[in-house]
Amino acid sequence: MIPSRVRPRVRAGARATAVACALLCAGQAAVTTTATAAPSPGPVRPVVTRAGLDTALVAGRGADVAFDEQEAENARTTGSVIGPDRTPYTLPSEASGRKAVRLVPGQYVEFTLPRAANALTVRYSIPDAAAGGGITAPLDVSVDGRDRRTMTLTSQYSWLYNQYPFTNDPRADVLHPDWWLAECSCVPAATTPVPEFPKPFRPTHFYDEQRLLLGKTHRAGEKVRLTVPAGSPAAWTVIDLLDTELVAPPHVERGGVDVRLLGADPTGRRDAAPAIERAIALARRLDRPVYLPPGTFRVDRHITVDDVTIVGAGNWHTVLKGRQVTLAEPAPDGSRHTGVGLYGKPAAEGGSRNVHLRGFAVEGDVRERIDTDQVNAIGGAMSDSTIDGLHLHHTKVGLWFDGPMRNVKVTNTVITDQIADALNFHTGVTDSLVRNNFVRNTGDDGIALWSEKTADARNTIARNTVQSPTLANGIAVYGGADTTVTGNLVADPVREGSGLHAGARFGAEPFTGTLRFTDNTTVRAGTLDLNWRIGLGALWFYALDGSIDADVRVTGDHYLDSTHNAIMLVSEYGVKDRHGIPSVHFKDIRVDGTGNSVVSARTAGSATFENVDARNVGAVGVNNCGSFNFPASGSEFTLTDRGGNDGGWLAPWLLPNTITCDDRPPVVTPPAPAPWS
């Protein structure tokens, strides 16, 4: 199950202060009001970006994807640009690049194809129903004024409210009145008079995305126009971005056991799960793969996979689609629902082995977060297995592996619009690889390694892109041994988390061996933690359950446009004199833009710095609070200059442990990132 993280987080002593309710409690009417006048609807050349950045700034980092990303704010439009804004609970804050375009009926946004394409993905938001549960609304799609199609947008999978684990009801009172709330700096149930909060309270998870095959290939230079038709039931439609790509023809698996021959219905009208299971059994006897041809196959429960290869026609062509089903009584693992998913056998039963899943989509129906539910697209334990080229959408977690298990490779997979994580290696997952995957719009960590009870070990997280997690971190490592996080691109975390995170928390086994962050890029990370009311770092080390006492090295990372700090090292205030971060080594780092500092230290420990270049730093280069005991000998956190640190941020007077503690320095907005000369 997914833990009750965050929620509520312990305050950093008396230093936690209230968050102005006017900033945090914006309702549906308020979340769309940060707008500027529409740009002139003249010709616009295509502006292809990655995570809202010039592609040159992230060359060689993040996932190598088949599509071209174009931000709506760079396109031709008769609508209004909303943002930029990094304030949680607003539409711009959850948009890629922190900007989007708001359309009302009759308005459009128009993109120019940078390359030939026959498919597109629209990331959008439309309002919720007044009582929750979502609405549907049309969006007209045309190419050069021809080939018109209508997409049916929905908000049934977006719009969550309130405290963890959230609700779909915008009218709900505070879910946990016995929790401390930043909005009032109080525990509502223990406060007289009991404070009231505007409704909806803490709206979030605004966006969804939808894919469309165009039926023909369109040339570079043709115009894709998205128009909200007159009479749309949606008072507004926000378009965040458009992804366009050239999808290959359907793959045919020669010699595979075609599930249709065993009775699977490719129209999605009849339950295909029994036929797929028969095909799996036959394929194992014949030592052949299972073939999922083009079509939509209805699967409303888990299918167990072991020692089998399942190949689709490509994730644009083959879809396993299921409804969420309420169980007559809770399952032994606590699940109250089931839904579409391919699961290895539980680790307690020996797990599965030799499972290979390739080239299809899993489309779920998860609309609320229930942590005991196993309603993930891929789950269980799968050793010596591969997951490649899938598209996972609208499940709770895209891939949640419960070990112990070893040697699983997750590659070339797109995971979007999840209620919780995109991928989690939970409990004793070892010798495994997560490479070249694209993640967008998770409701918790994008990619997480959680060493609960049994340590994860010798895992590599490489060349993935993680965008816009609405809660928690882009990539998080919770304990474990010999972990490498390398070559990733992480953008736009929204609240209570950061871009890259190492945390001794959630009951994880200690960090041991090595921990490597290498050649990663973050952009617009380093968020404001709403409970602590302090700015985090784009890279955030957090000692809560114990010290982070491993061989920790950070090499070649780039931290761009950090909202608060580039690097944060912190111990929880209640354990600050017991736990620390003894030694972290930074080398060959670039910091381009911080709202506060390059390094914020709120713990005992030390760090070394070599060839760390920084520019556009909003405050003092090092905000050194140590453990907040403020001894006469200087901070409990020591910095060592190993040379080559350019930009003046690590001035001699800061060394080795000058106290420069400003608990909550004002934010200075940095300029946009630029090429490094």
Side-chain angles (χ1 to χ4, degrees), residues 1-3 5 51 62-63 65 94 96 121 123 157-158 160 204-205 207-209 211 243 315 339-343 357 361-364 366 369 371 373-380 382 387-402 408-426 429 432-450 456 459-478 485 487-501 520 522 525:
M1 73 177 188
I2 302 173
R5 306 188 190 156
V65 295
E94 293 188 14
S96 172
T121 301
R123 186 170 194 249
Y157 298 97
S158 48
L160 299 175
T204 186
H205 210 62
Y207 288 91
D208 202 356
E209 56 188 66
R211 306 197 297 175
D243 294 332
N315 68 50
V340 59
L342 298 174
Y343 272 62
L357 309 176
V362 177
E363 182 73 33
V366 178
R369 178 164 177 165
D371 281 347
D373 273 356
Q374 283 281 358
V375 285
N376 309 314
I378 310 295
M382 299 180 188
I387 314 293
D388 184 70
L390 304 190
H391 182 270
L392 309 178
H393 194 226
H394 286 162
T395 53
K396 188 178 75 171
V397 175
L399 305 103
W400 181 281
F401 291 111
D402 287 306
V408 64
K409 295 180 175 63
V410 181
T411 55
N412 308 312
T413 290
V414 175
I415 312 165
T416 61
D417 300 327
Q418 302 294 308
I419 289 289
D421 305 4
L423 180 148
N424 196 307
F425 281 176
H426 176 229
V429 179
S432 294
L433 173 69
V434 179
R435 183 178 178 84
N436 205 62
N437 303 286
F438 181 87
V439 173
R440 187 161 57 203
N441 193 37
T442 57
D444 213 305
D445 294 323
I447 297 172
L449 285 72
W450 183 22
D456 294 342
N459 297 310
T460 298
I461 311 300
R463 292 293 302 271
N464 305 282
T465 296
V466 180
Q467 291 183 237
S468 301
T470 62
L471 178 71
N473 308 281
I475 300 175
V477 184
Y478 302 114
V485 179
N488 301 284
L489 170 60
V490 181
D492 296 315
V494 176
R495 65 186 181 97
E496 296 174 55
S498 204
L500 304 169
H501 178 54
N520 304 287
T522 69

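Here the structure is a predicted model, which is why all the values come from computation and not from measurement.
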Would you mind telling me which of [options] makes a side chain to side chain donor-acceptor pair (under 3.5 Å) with [X]?
X	options	result
Asn436	Asn412, Thr465, Thr413	Asn412
Asn464	Thr411, Asn520, Asn437	Asn437
Arg211	Asn315, Thr121, Asp243	Asn315

Parallel under 30°, tilted from 30 to 60°, perpendicular over 60°: which one fits the rings of Trp400 and His426?
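Tilted: the ring planes of Trp400 and His426 meet at 30° to 60°.
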So, taking the atom named [atom1] in [X] and the one named [atom2] in [Y], what distance separates them when rounded to the nearest 0.5 Å?
X	Y	atom1	atom2	answer
Asp445	Leu471	CG	CG	8.0 Å
Thr395	Asn376	OG1	CG	6.5 Å
Asp417	His393	CG	NE2	3.5 Å
His205	Thr442	NE2	OG1	8.0 Å

[X] side chain near [Y] side chain, heavy-atom distance below 4.5 Å:
X	Y	result
Leu500	Thr522	yes
Met382	Ile387	yes
Lys409	Arg435	no
Asp208	His394	yes

Trace of the side-chain contact (heavy atoms from CB on, under 4.5 Å) decision for Phe425 with Val434
CA-CA 10 Å; Phe425 281 176; Val434 179; 3.5 Å; yes
Please check this pair: side chain of Arg463 against backbone of Asn488, looking for a donor-acceptor N/O pair closer than 3.5 Å.
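Between the backbone of Asn488 and the side chain of Arg463 there is no qualifying donor-acceptor contact (under 3.5 Å).
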Identify the heavy atoms of [X] and [Y] that sit nearest to each other, and give their distance.
X	Y	value
Ser468	Arg123	CB-NH2, 4.1 Å
Asp444	Ala472	OD1-CB, 3.3 Å
Ala422	Val397	O-CG1, 3.8 Å
Ala377	Val362	CB-CG1, 3.8 Å
Ser96	Ala51	OG-C, 4.2 Å
Ala448	Tyr478	CB-CE1, 4.3 Å

Residues two or more places apart in sequence or in another chain: which of them pass salt bridge (charged side-chain N to carboxylate O under 4.0 Å, His left out) with [X]?
X	result
Glu209	Arg440
Arg495	none
Asp388	none

Leu342 and its side chain to side chain contact (heavy atoms under 4.5 Å, CB included) partner, picked from Leu399, Leu390, Ile378:
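Looking at Leu399, Leu390, Ile378, the match for Leu342 under the side chain to side chain contact (heavy atoms under 4.5 Å, CB included) is Ile378.
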Assess the residue pair Thr204 and Glu94 against the criterion (side-chain contact (heavy atoms from CB on, under 4.5 Å)); give the C-alpha distance rounded to whole Å, side-chain angles, the decisive distance to 0.1 Å, and a yes or no.
CA-CA 8 Å; Thr204 186; Glu94 293 188 14; 2.8 Å; yes
Check step by step if side-chain contact (heavy atoms from CB on, under 4.5 Å) holds for Val410 and Phe401.
CA-CA 11 Å; Val410 181; Phe401 291 111; 4.2 Å; yes
Is there a donor in the side chain of Asn459 and an acceptor in the side chain of Asp456, or the other way round, less than 3.5 Å apart?
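Result is no, nothing qualifies.
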Is it the case that the side chains of Asn441 and Tyr157 hold a donor-acceptor pair, with the cut-off being a distance below 3.5 Å and no angle test?
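Result is no, nothing qualifies.
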Under the side-chain contact (heavy atoms from CB on, under 4.5 Å) criterion, do Leu160 and Ile419 qualify, and how do the steps go?
CA-CA 9 Å; Leu160 299 175; Ile419 289 289; 4.2 Å; yes
